[in-house]
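The sequence lines fix the lettering, A, B, ..., with proteins before strands; numbering per chain opens at 1.
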Amino acid sequence: MLALVPMRTSELVFRSRREVPQDAEAASHKALIRGNYIRRLTSGVYSFLPLGYQVLRNIEHIVEEELDRAGASQLLLPALQPVDIWRATGRIDKMADVLFRVDGKSGSFVLGPTHEEAVIEAMSPDIESYRDLPKLVYQVQTKFRDEPRARFGLMRTREFIMADGYSFDIDRETMRQSYQRFYEAYLAIFARLGLQAEPVEADAGSIGGDVNHEFMVASSIGEDHFARCGDCGYQANIEAARAGAHPPVAVALDVEAVTYSTPNAPGIEIAVKALRDLGAEVEVGTMLKSMLLVDETGARVIALIPGDRTLKVPHGMRLATDAEMAGFAKGYIGPQGHSSEVRVIADPLVLTRPSWASGANKEGHHSVGLRVGVDFEVDSFVDLVVVEDGDPCPRCEGVLSLVRSVEVGHTFQLGLTYSGVLPQARYRSFEGEELPYWMGCYGIGVTRVPAVIAEQYCSSDGDAVVWPVAVAPYVVSIVGVGATKTNEVTAVAAQLHESIGQSGVSVLLEDRNISTGVAMRDLELIGSPLFCIVGARSLAKGVVELRDRIHDQTIEVPVEEIVATIHTFSRDLASERR
RNA sequence: CGGGAAGUGGCGCAGCUUGGUAGCGCACCUGCUUUGGGAGCAGGGGGCCGCGGGUUCAAAUCCCGCCUUCCCGACCA
């Protein structure tokens with residue numbers, strides 16, 4: 001709602017577009033292209049045309065207002081960063097896959113994919129004492145990430161704008177308070193943007209740190225899933241979610257382990273088929289998946305999960321490479337008979353069956369009737385499976401369901417992850433000790449937001465968006481219609497254009513000499529939530545039409561009341577949840 | 001990086017099987033008529049058929065190589 005200069009369609013950079021480029025798939029992507037909001041320069045890189053930029057500025061304005069209110073100061077850090085600050089934290093290697101490197105005559109640089117290093121460089125000289133803390137800062141900056149795959153228009157791009165904030169504190173407790181300030185500001189921001197963003201517990205990934213939340217908007221084109229319990233409100237990203245305990249079952253007493261010869265049957269699916277052909281009663285869910293992992297020390301670990309589950313690799317571990325699997329029968333690994341140097345870990349779900357079928361640790365052989373504690377031992381039980389629909393909730397008696405979603409924000413309690421390794425990231429405490437400060441970092445994917453909003457508020461064919469009042473490029477669009485557009489129609493439309501603009505509502509006037517159908521269609525693509533239709537017919541009755549596109553209702557309003565009515569409507573529509 | 005699809009005026013597409021010097025719709029330009037929901041008539045402009053090589057008298061079309069884009073997967077703050 002920033003644009004208070006009344007605008008005319010003849011001045012707008014806009015063109016009717018009946019067809020969309022065939023490479024637009026998502027409805028929001030189609031709508032943003034048809035409406036002349038964005039244009040692709042190359043894969044994952046978009047120009048914001050004036051309409052799209054207006055939406056973007058409206059979003060940024062809301063973000064800035066709320067972060068300012070939370071006590072954060074806006075600054076601007078460089079996008080072009082020397083490689084040595086990335087060496088100092090080791091992220092030059094950790095994030096090598098996504099870093100855009102620039103080698104110029106004057107040295108080697110990185111185009112910042114995020115700004116933890118840069119903000120520490122910028123802030124540290126001004127943080128000398130505990131008296132200087134806490135500090136909250138943020139910026140609205142372009143980020144660069146060499147994404148392996150850009151997707152869905154603005155949804156996942158290689159160059160994008162993020163509003164990223166950082167907090168600096170003396171200890172864990174005050175860091176949590178700063179975190180809370182950002183967290184609450186984020187809830188306020190997304191509410192104003194018309195997005196139902198759910199904070200969910202998340203995994204820290206390469207940013208590092210401890211407690212963190214993702215702000216997720218449920219959407220069919222989301223790239224993430226989170227688990228939700230309808231009963232107690234537990235919500236966690238699928239990478240971080242854990243299921244509650246399934247009731248354990250006593251091991252079978254009347255079973256004996258039998259080994260079958262199953263040549264050329266590596267992997268669960270094929271093994272099940274081979275064992276069945278031999279008369280064994282097994283299915284995918286009664287097979288034990290045994291996977292070889294390597295921990296931080298390089299030691300090998302066998303992980304056991306039910307055959308119908310997906311492994312969640314624990315932190316600090318990774319799947320073994322083929323070379324590291326020397327000595328193990330790849331495709332036929334089982335839980336039994338490993339040397340004491342190989343640790344065996346299992347998901348608690350392994351206790352939910354009386355016996356299992358699995359590889360026999362011998363090329364071309366599988367065993368059935370393997371019992372925990374009898375035929376094989378487990379060193380420790382840890383959470384090893386990705387949660388699925390229907391798993392029990394870890395907090396209550398409820399059941400988890402998975403929700404497909406888009407991440408619009410992420411907040412992290414970093415703690416000492418960065419300050420601990422950078423000597424300049426210190427302050428002097430009351431006792432005179434030199435200590436690393438406690439950090440938090442916070443990000444909103446600003447250029448992703450128009451796509452998420454459009455996805456929520458456009459028809460499924462990407463036909464047109466009806467923008468929420470808070471972000472609409474123009475809240476009201478005026479069009480004059482009626483036989484030959486009499487002078488009166490034109491004059492009244494122009495006069496309303498002026499007075500609505502003066503009343504503080506952003507407004508667009510259709511002033512081109514085109515047919516009504518084209519005019520209406522174009523205005524629909526521009527997406528104002530309110531249309532003001534000035535027609536010869538209704539003008540004869542002393543009224544104009546006001547169409548509320550959010551509720552798809554049209555009312556007639558006396559000309560002299562229209563400014564006040566629009567004011568009421570835009571206020572009511574802005575506060576309403578869709 | 002694996003799997004699939006596609007590159008032909010600004011946009012959407014046909015032509016390719018069976019080689020013969022490029023076409024349709026929309027958009028654009030000019031004029032007139034229109035204007036309460038993507039107008040009508042008449043006239044007009046615009047293409048290195050993704051790039052490079054090859055076969056051939058002749059290549060958008062056949063062959064080889066490369067590039068780009070989109071979708072699924074891997075990956076992902």
| task | Measure from the side chain of Val481(A), starting at C-beta and using heavy atoms only, and say which of G36(B), G38(B), A27(B) lies closest. | result | G36(B)

| said: Would you measure the distance from the C1' atom in A58(B) across to the matching atom in C72(B) and give it in whole Å? | reply: 42 Å

| request: Please determine, for the side chain of Asn513(A), which listed nucleotide (G12(B), U69(B), U34(B)) has the closest atom? | output: U34(B)

| task | Let me know the distance between CZ of Arg149(A) and P of C70(B), rounded to the nearest Å. | result | 9 Å

| query | How far, in whole Å, is G53(B) from G15(B) if one measures between their C1' atoms? | reply | 24 Å

| field | Any donor-acceptor N/O pair under 3.5 Å between G38(B) base and Arg15(A) side chain | value | no

| message | Ignoring hydrogens and geometry beyond distance, is the side chain of Ser538(A) in donor-acceptor contact with the base of G36(B) at under 3.5 Å? | response | yes

| When the P atoms of U21(B) and C26(B) are considered, how many whole Å apart are they? | 26 Å

| note | Parsed dot-bracket for RNA chain B after applying the Watson-Crick and G-U rules with both distances under 3.5 Å and | for other-strand partners is ((((((((.[[[[.)....(..]]]].((((((.....)))))).....[[[[[..)....]]]]])))))))....

| Rounded to whole angstrom units, what separation is found between the CD1 atom of Ile238(A) and the P atom of C75(B)? | 13 Å

| task | Could you tell me whether Glu407(A) contacts a base, only the sugar-phosphate backbone, or nothing, with contacts defined as non-hydrogen atoms closer than 4.0 Å? | result | sugar-phosphate

| query | Taking CZ from Arg17(A) and P from C13(B), how many angstroms apart are they, rounded to a whole number? | reply | 14 Å

| query | How is Pro148(A) classified with respect to the nucleic acid when contacts are heavy atoms under 4.0 Å: base, sugar-phosphate, or nothing? | reply | base

| So what does Gly535(A) hit on the nucleic acid, given a heavy-atom distance under 4.0 Å: a base, only sugar-phosphate, or nothing? | base

| field | Between A60(B) and U17(B) - C1' atom distance, rounded Å | value | 14 Å

| said: I'd like the C1' distance from G47(B) over to C11(B), given in whole Å. | reply: 14 Å

| said: If you only use heavy atoms from C-beta on, which nucleotide in G73(B), U68(B), G37(B) is closest to the side chain of Thr42(A)? | reply: U68(B)

| note | When rounded to whole Å, the CD1 to C1' distance for the pair Ile514(A) and U33(B) reads 18 Å

| said: The side chain of Arg40(A) is closest to which nucleotide in this list: C72(B), A39(B), C70(B)? | reply: C70(B)

| request: Start with the C-alpha distance between Glu239(A) and Lys312(A), add both sets of side-chain angles, then the distance that settles salt bridge (Lys or Arg N to Asp or Glu O under 4.0 Å), and finish with yes or no. | output: CA-CA 8 Å; Glu239(A) 276 130 36; Lys312(A) 185 169 75 181; over 6 Å; no

| said: Heavy atoms from C-beta onward define the side chain here; which of C76(B), G73(B), A27(B) lies closest to that of Arg18(A)? | reply: A27(B)

| field | For the student: nearest non-hydrogen atoms of Val507(A) and His497(A), plus distance | value | CG1-O, 3.6 Å

| query | Just by distance, with hydrogens left out, do Tyr437(A) and Ser124(A) show a side-chain donor and acceptor under 3.5 Å apart? | reply | yes

| message | Distance criterion of 3.5 Å, no angle test: do you see the side chain of Arg151(A) paired donor-to-acceptor with the base of C71(B)? | response | no

| said: Would the base of G36(B) count as contacting Glu545(A) through its side chain, where contact means a donor and an acceptor less than 3.5 Å apart? | reply: yes

| said: Using the C1' atom as the point on both nucleotides, what is the distance between A59(B) and C76(B), in whole Å? | reply: 45 Å

| Across the strands shown, which category fits Glu239(A) at heavy-atom distances under 4.0 angstrom: base, sugar-phosphate, nothing? | nothing

| Between C71(B), U69(B), G37(B), which one does the side chain of Glu25(A) approach most closely? | C71(B)

| query | Looking at Gln22(A), does any N or O in its side chain come under 4.0 Å of the phosphate oxygens OP1/OP2 on A6(B)? | reply | no

| With Glu407(A) via side-chain hydrogen bond (donor to acceptor under 3.5 Å, both in side chains) - residues at least two apart | His410(A)

| message | Between G36(B) and U69(B), how far apart are the two C1' atoms, rounded to whole Å? | response | 42 Å

| Among G36(B), C75(B), U69(B), the one nearest Ser43(A) by side-chain distance | U69(B)

| field | Phe48(A) side, atom CZ; Thr447(A) side, atom OG1 - distance, nearest 0.5 Å | value | 5.0 Å

| request: Select base, sugar-phosphate, or nothing to describe what Phe152(A) touches, counting heavy atoms under 4.0 Å on all strands. | output: sugar-phosphate

| note | Rounded to whole Å, the CG-C1' distance (Asn36(A) to A27(B)) equals 12 Å

| Within the modelled atom types, does a donor on one side and an acceptor on the other bring the side chain of Glu19(A) and the base of G10(B) under 3.5 Å apart? | no

| field | From G37(B), U69(B), G36(B), nucleotide with atom closest to Arg521(A) side chain | value | G37(B)

| Validation row, ring centre Trp467(A) to ring centre Tyr37(A) under 6.0 Å | yes

| request: Taking atom P in both C62(B) and U18(B), compute the distance separating them and give it to the nearest angstrom. | output: 9 Å

| task | Select base, sugar-phosphate, or nothing to describe what Glu147(A) touches, counting heavy atoms under 4.0 Å on all strands. | result | nothing

| query | Between Gln81(A) and His115(A), do the side chains contain an N or O donor and an N or O acceptor separated by less than 3.5 Å? | reply | yes

| query | Any side-chain N or O of Ser515(A) under 4.0 Å from OP1/OP2 of A39(B)? | reply | yes

| said: Is the positively charged end of Arg228(A) above the ring of Tyr234(A), judged by distance under 6.0 angstrom from the centroid and angle within 45° of the axis? | reply: no

| Taking the six-membered ring for Trp, are Tyr442(A) and Phe215(A) ring centroids under 6.0 Å apart? | no

